[in-house]
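Contents: one structure, followed by commentary.
We count ligands from 1, going down the list as the structure has it; atoms in each ligand are counted the same way. Numbering of residues begins at 1 and proceeds along the displayed sequence.
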Amino acid sequence: MASLGFLSLSSLLLLCLCSASATVEDDRKAYIVYMGALPSDSQYSAMSHHQHILQQVTSSVENSLVRNYGRSFNGFEAKLTESEREKLSAMEGVVSVFPSMKLSLQTTRSWDFMGFGDNFKRNPEIESDIVIGVIDSGIWPESKSFSDKGLSPPPAKWKGVCKGGLNFTCNNKLIGARFYVGESARDLSGHGTHTSSTAAGSKVEGASFYGIANGTARGGVPSARIATYKVCEDELCDSGSILAAFDDAIADAVDVITISIGGAPAALDYDPISIAAFHAMDKGILTVNSAGNSGPISGSVGSISPWILTVAASTTDRKFITKVALGNGKELSGTSINGFKLNGTKFPFSYGKSGSNSCSEDDVRRCKSGCIDSTLDGKILVCDQPLLKGSIGSSKPAGVIIQGNVSRPVISTVPLAFLPEDQYSLLTSYIKSTAKPEGTILKTETTNGVDAPVMATFSSRGPNTILGDILKPDITAPGVNILAAYSAVATLVPGIDDGRRSSYNFLSGTSMACPHVAGVAAYLKTIHPKWSPSTIKSAIMTTAWPMNASSSEEVNEFAYGSGHLNPTKAADPGLVYEITGDDYLKMLCSANYTAGELKAIAGRAVSCPEGPNLAIKDLNYPSLSVRFNSSSKPSEITFSRTVTNVGPASSTYKAKVVSSSDLKVEIEPNTLSFKSVGEKKLFIVKVSGMSSADFESATLVWSDGSRTVRSPIVIYT
Ligand SMILES: *[C@@H]1O[C@H](CO)[C@@H](O)[C@H](O)[C@H]1NC(C)=O
Ligand SMILES: *[C@@H]1O[C@H](CO)[C@@H](O)[C@H](O)[C@H]1NC(C)=O
Ligand SMILES: *[C@@H]1O[C@H](CO)[C@@H](O)[C@H](O)[C@H]1NC(C)=O
Ligand SMILES: *[C@@H]1O[C@H](CO)[C@@H](O)[C@H](O)[C@H]1NC(C)=O
Ligand SMILES: *[C@@H]1O[C@H](CO)[C@@H](O)[C@H](O)[C@H]1NC(C)=O
Ligand SMILES: *[C@@H]1O[C@H](CO)[C@@H](O)[C@H](O)[C@H]1NC(C)=O
Ligand SMILES: *[C@@H]1O[C@H](CO)[C@@H](O)[C@H](O)[C@H]1NC(C)=O
């Protein structure tokens with residue numbers, strides 16, 4: 001499988017327990033002690049404060065302290081016993097103490113597919129002032145995708161460094177490198193190289209996977225700079241390192257952060273990515289994060305914070321065709337990503353029993369585990385159903401043909417083709433018709449034009465299990481079979497070494513979708529340098545392509561949020577939904593955080609008013625959602641929103657509502673007239689006519705005739 005796993009945290013925690021019991025002498029575990037924002041006092045030393053705090057709970061600070069955070073927010077990681085942890089949790093200035101855990105990692109056709117091709121107007125000079133911070137598994141600096149040809153020295157505002165370790169050099173493309181795990185920032189798994197080049201790779205002609213999908217590879221902003229922060233090794237990413245990477249990236253002055261890492265949903269003050277992204281947002285830096293690969297299970301989306309832009313994954317219109325040529329001259333058409341060249345050499349087919357084998361003929365044809373003939377060397381194995389990993393054992397088939405429809409062709413370690421039923425039955429009748437059936441598998445060809453985008457089954461689904469009234473994921477983007485740069489040392493199929501290496505590879509995952517959105521966010525920064533993270537996020541969400549709901553595999557707003565990334569429209573959204581740092585804090589008041597906790601998080605006084613606070617549903621979010629207790633659904637619900645005019649000064653927008661259910665939606669007022677840029681208008685959305693269904697949705701569209709500002713409305717129980 002080409003997708004990088006998005007292991008659930010519960011299984012990882014089991015792993016942690018196992019290793020903890022192995023080390024009997026040390027009952028300490030690593031914890032993150034989160035202390036919120038840095039005090040504004042210029043005399044303040046985070047390091048000595050951390051020492052002082054630790055001294056009060058442990059006799060050996062040196063043995064306990066793992067690392068400090070103190071460039072962009074406050075806190076540290078330390079090894080603590082249970083009683084030390086309890087004491088620390090109660091101390092003044094400590095917001096939360098939570099276990100350090102392992103999170104997991106979760107082309108170029110994709111940009112053309114969205115109309116954001118090479119000819120799209122852009123300004124390389126301004127673009128080169130933008131720095132994308134990539135928090136991932138590092139980078140392969142020698143990849144052609146990170147060539148700095150034509151780029152000037154780093155922008156003056158850049159405060160980062162190139163500390164990539166031994167034998168690691170930066171250039172004017174890759175301007176920053178830091179690593180928190182391993183020996184250097186060099187990418188050994190390919191994941192970080194892939195995401196970095198998708199976001200901001202330079203233009204590379206003739207990029208392909210063994211000639212498949214040969215074309216020009218480039219990132220969303222090919223002239224922007226990349227700073228790499230390596231936090232993952234062996235596909236696991238340590239939360240303490242993630243916090244350290246954000247602490248540095250914010251202080252280094254990156255413009256956008258892309259992080260294709262995540263785990264199970266966690267409370268806002270216990271989730272390292274939420275915590276760190278809040279501080280990034282407060283400094284004007286948008287964090288783009290992958291939704292997770294745990295779909296289509298309901299509630300599986302791990303990235304739930306309103307200040308993060310959460311990205312789901314869907315397909316592009318690229319189709320992979322792998323033909324099978326038979327001995328009789330006929331060709332069958334299947335699918336896979338087969339980079340192997342058999343040069344037209346014909347190999348005998350092995351289908352069913354050929355010698356002594358205690359399995360039934362049907363089981364051998366199904367290639368059931370333990371039923372495959374041992375004499376496969378130099379033959380093409382034909383199977384009625386997919387093989388289990390390892391069932392071929394040590395034999396070396398020349399190829400494998402499997403009956404099946406695959407929506408997501410993958411790379412395999414042998415020549416492989418999946419044939420749909422009709423083609424497969426032609427193959428089996430040919431095999432039965434001749435004494436010496438033989439054939440070959442051709443290299444994969446690609447064409448464009450299949451129906452797309454289609455949501456990927458693996459893409460994590462809402463609802464948001466922590467903040468039920470914030471719709472997540474926010475948007476979907478290409479994340480299936482994305483060709484991008486790869487580490488020169490990484491195996492092509494993660495975890496299985498077939499000896500091959502390639503500087504470009506196909507990967508699938510919300511990990512691959514995330515840097516597409518980060519690239520567009522960076523592009524918006526070049527056109528609108530003053531736009532805040534919430535403005536950029538709103539522009540991307542309200543201009544998204546509408547996606548169609550379908551009952552299969554839970555495809556609705558919980559899968560794709562506002563719709564599909566539409567780079568060509570995002571720069572001119574007309575109206576935006578802006579949210580300030582204080583708005584988020586007020587919203588957190590109604591999520592029952594105390595004023596004390598919020599002050600620590602924000603680094604400034606926050607007054608949670610007595611009585612009703614800003615309801616979570618009324619946060620000025622670009623999508624509208626509310627969760628009800630099924631037994632207490634009201635007859636009417638209202639949302640309030642404020643839009644800011646970022647289009648032409650004088651403009652008038654009219655509201656339109658599209659509802660496929662019985663929901664009745666009224667907008668008051670339903671016409672908004674603006675006279676200046678930056679002008680704000682408030683409106684109310686009244687929803688009634690709720691049925692007993694547990695999911696209902698509608699769409700609100702503001703339009704001035706040329707711009708459309710779309711927001712999904714989701715009511716669920
Ligand atoms: C440094 O990295 C390059 C690129 O992988 C490699 O070719 C070279 O052998 C490395 N040199 C050392 C000293 O490790
Ligand atoms: C890719 O296409 C280019 C230009 O058409 C060609 O020169 C090159 O040989 C191709 N590469 C592969 C690996 O097929
Ligand atoms: C096909 O030809 C290439 C180049 O001549 C060679 O490297 C490869 O081993 C051949 N493959 C087979 C299966 O004969
Ligand atoms: C495979 O796809 C074909 C054509 O879309 C369809 O008729 C057939 O039922 C599918 N088979 C399976 C096993 O899903
Ligand atoms: C949604 O359905 C409409 C009408 O069938 C179709 O034209 C459109 O392409 C579909 N959109 C997507 C994203 O599939
Ligand atoms: C906050 O506390 C109030 C009162 O205890 C409760 O009704 C409400 O559901 C809580 N809200 C959240 C988001 O937990
Ligand atoms: C939902 O309503 C039931 C019955 O009124 C109540 O027992 C339950 O606590 C409610 N749940 C929530 C999450 O408010």
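Legend: residues meeting ring pair (Phe, Tyr, Trp, His ring centres under 6.0 Å) with Phe418, ordered by chain and number and at least two apart, are absent.
The stretch residues 501-526 participates, sequence neighbours left out, in these salt bridge (Lys or Arg N to Asp or Glu O under 4.0 Å) pairs: Asp497-Arg501. Within the structure, every pair that satisfies the ring pair (Phe, Tyr, Trp, His ring centres under 6.0 Å) test and touches residues 192-219, not counting sequence neighbours, is listed here: Phe209-Phe506.
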Exercise. Quick one: do Leu309 and Ile475 satisfy side chain to side chain contact (heavy atoms under 4.5 Å, CB included)? Show the steps, please.
Key: CA-CA 8 Å; Leu309 179 46; Ile475 196 152; 4.3 Å; yes
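Within 4.0 Å of ligand 2, protein heavy atoms belong to Ser208, Gly211, Asn214, listed by chain and number.
When all heavy atoms of Ala559 and Glu554 are compared, the pair lying nearest together is CB-O, 3.6 Å. Taking every heavy atom of both residues into account, Ile713 and Phe639 meet most closely at CG2-CE1, 4.3 Å.
Applying the 4.0 Å criterion to heavy atoms of Pro546 picks out, from ligand 5, the atoms 13 (C).
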